[in-house]
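Each remark here refers to the structure printed beneath this line.
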Amino acid sequence: MIQLSPEAQEARRQYRRNYQREYQRKWRQKPENKEKQKEYERRYWERKARQSKE
């Protein structure tokens, strides 16, 4: 593993974060994925609610 300078590491992190955000944005724009996203969010909030009850 080559050692990167802190600036290079930060740049790489930024790139990865932006890439992921772009990917997710494009994914959500597809109509068939909008439903999946809603379903996922619903399950997420149900799980959160269960955890806070415990």
Taking all non-hydrogen atoms of both residues into account, name the closest pair between Ala49 and Ser52 and its distance. O-OG, 2.9 Å

If you look at every heavy atom in Arg28 and Lys34, which pair is closest and at what distance?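 That would be O-CG, 3.3 Å.
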
Would a 4.5 Å heavy-atom cut-off, applied to side chains only, mark Gln9 and Gln3 as touching?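 They are in contact (side-chain heavy atoms under 4.5 Å apart), so the answer is yes.
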
Salt bridge flag under 4.0 Å for residues Arg43 and Glu39: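 Yes, this pair counts.
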
Considering only NZ, NE, NH1 and NH2 on the basic side and carboxylate oxygens on the acidic side, decide whether Glu10 and Arg13 come within less than 4.0 Å. yes

Could you walk me through whether Lys26 and Glu22 pass salt bridge (Lys or Arg N to Asp or Glu O under 4.0 Å), step by step? CA-CA 6 Å; Lys26 286 198 183 83; Glu22 270 307 291; 3.5 Å; yes

Got more than 12 heavy atoms from elsewhere within 6.0 Å of CZ, Arg17?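 Above 12, so yes.
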
Could you please spell out the steps behind the side-chain hydrogen bond (donor to acceptor under 3.5 Å, both in side chains) verdict for Gln20 and Gln24? CA-CA 6 Å; Gln20 261 177 328; Gln24 285 174 337; over 6 Å; no

Between Glu35 and Lys38, is the salt bridge (Lys or Arg N to Asp or Glu O under 4.0 Å) condition met? List the steps. CA-CA 5 Å; Glu35 288 305 311; Lys38 277 193 199 121; 3.4 Å; yes

